[in-house]
Trainee: 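This structure is in structure tokens; I'll ask about it shortly.
Source: prediction; values computed, not measured. Remember, it's 1-based here, ligands and their atoms both numbered in the order they're listed.
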Amino acid sequence: MRTLIENIEFILTVDSEDRVLTRASVVIENDRIADVGPATEVAKRTPRHSVDAVIDASRCGMTPGFVDSHVHLSETLSRAVFPDNLATRAWVFHWAKPFYANVGGRDEVVGALIGMAEMLRCGTTCFLDMGAQNDVAGVVRAIREVGMRGVTGRHACDVRPEKVPAGWTGEMMAHHFFPDAKTALKELEATVRAHHGAAGGRVRCWVNIEGKEPCSLELHVGSRALAERLGVGTTYHLATSIEEAKVSENKYGVWPVSRIANAGGLGSNLVIAHCVAVTDEEIGRMAKAGTMVAFCPATSVKLAKGATRIGKYPEMIEAGIRVGIGTDGVSAGGNLNLMRQMYMVAGMFKDSRMDSTLVGARKALRMATIEGAQLLGWDSEIGSIERGKKADFVLFDLDHFEWVPYGDALQAVVYSASPASIAQTWVDGKPLYKDGRVQTLDEAALRREARERAAAVVKRAGLSLRHMPTVSTTYD
Ligand SMILES: [Zn+2]
């Protein structure tokens, strides 16, 4: 199957030179970009009679598909259920944990399906999912069915809190925690072996763990070592708040990243999610090790993590650390809209440091595409519009008033456009989102089931009672 998409008004290629093509055409051959360039040149190389379909994109702009560097597909049924005055640790220990404890296998699959539907509508084509809590095989099937590209895994932790926290049950503790790091790593290895490379390579499986207080040092260090042995990556939450850093200092005498680094746990196959509470010295150690960071600006804003106050993301970038952008779960950050995160990243440090040279549109788009792909170790195949790469891209409708009129396409994408003007999202050479709906899903049936299941989970978890603490001393 060869498709010619012709006369595209602009293509932000996000290649190594950030080339912007105007009046351009792209030839899609099965799952890959067979040709890209000025329309007149592509027309000479690929006559119209040699293709199966022609799409006139003269009122469209193209960017690579967005790469969400940190998401929790299992969390999607909890949208706007928890209060909005929670700091990180109360959010995790008293609200998210009871929620997850009441999410069953099918709930998780439905959460993943609606999560992917939202992502496709927002131009996201690939993601790094923290992993299933119940049914990894079900989530992998869901990714296969929808047609997206992504990394998933299995949730793992091994350190129980000394006292059973509010909202937790004994049964939940038994289900949620592995008895020790060794048992957890054995199960994670089996999960990677079962699912890595599924769906014709669209699904990758990593040695993901929850990270921070509910995971032992042995599990943190062991997950990265195991990932290296299996030739995959690992990701976990760390240094997610100043509270976590202070607890770590009290207990171990050092902040979280130093504790992992001192144990030899850093490496170039590790993506640390959040990483807001770090020292300059820790940034140096991460840069040296090639460790990468998934920054989730919406979660920071919603849960008061302090990205603009204590975060050192511009310093990380300056030090050469690869920083990607994540939405986080829909409850933590509020949405799975990577364009919104890209907008925040472009501007939040300009404002907080009163320095207009920080980050900006060009870097933010790179972080949301090619550099996100680098975090996932997938940049040889995705993240930019180049010949030979997978056909994962977004088409914007330039007749939408977000685009009428516009000057610089790059600035318009980052500061002006939203998913409202996304016309199509393609993954692996297929238009998965077009004509206002996800083509591979029965959207109406899915919405119905998601609403019913979300209400049932919230009821089972008792979260509607609003009696959970809004501050946490768990693991203190
Ligand atoms: Zn997370």
Trainee: Restricting to salt bridge (charged side-chain N to carboxylate O under 4.0 Å, His left out), what partner residues turn up for R353, sequence neighbours left out?
Mentor: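 Checked R353 against salt bridge (charged side-chain N to carboxylate O under 4.0 Å, His left out); matches are E315.
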Trainee: Return the set of residues passing salt bridge (charged side-chain N to carboxylate O under 4.0 Å, His left out) with E282 (not counting sequence neighbours), or none when no residue passes.
Mentor: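 Listed in chain order: nothing, the list is empty.
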Trainee: What protein N/O/S atoms lie closer than 2.8 Å to the Zn ion (ligand 1)?
Mentor: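 Checking every protein N, O and S atom gives H70 NE2, H72 NE2, H237 NE2, D328 OD1.
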Trainee: According to ring pair (Phe, Tyr, Trp, His ring centres under 6.0 Å), who are the partners of F66, at least two apart in sequence or on a separate chain?
Mentor: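 For F66, no residue satisfies ring pair (Phe, Tyr, Trp, His ring centres under 6.0 Å) once neighbours in sequence are set aside.
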Trainee: Has R259 got its NZ or CZ under 6.0 Å from the middle of the six-membered ring of Y252, at an angle within 45 degrees of the ring axis?
Mentor: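 Yes, a cation-pi geometry.
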Trainee: Do T308 and D351 have side chains that approach each other closer than 4.5 Å (heavy atoms only, starting at C-beta)?
Mentor: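 A side-chain contact under 4.5 Å is absent here.
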Trainee: According to the interplanar angle, ranging from 0 to 90°, do the rings of H237 and H72 count as parallel (below 30°), tilted (30 to 60°) or perpendicular (above 60°)?
Mentor: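 Rings of H237 and H72: parallel, as their planes differ by under 30°.
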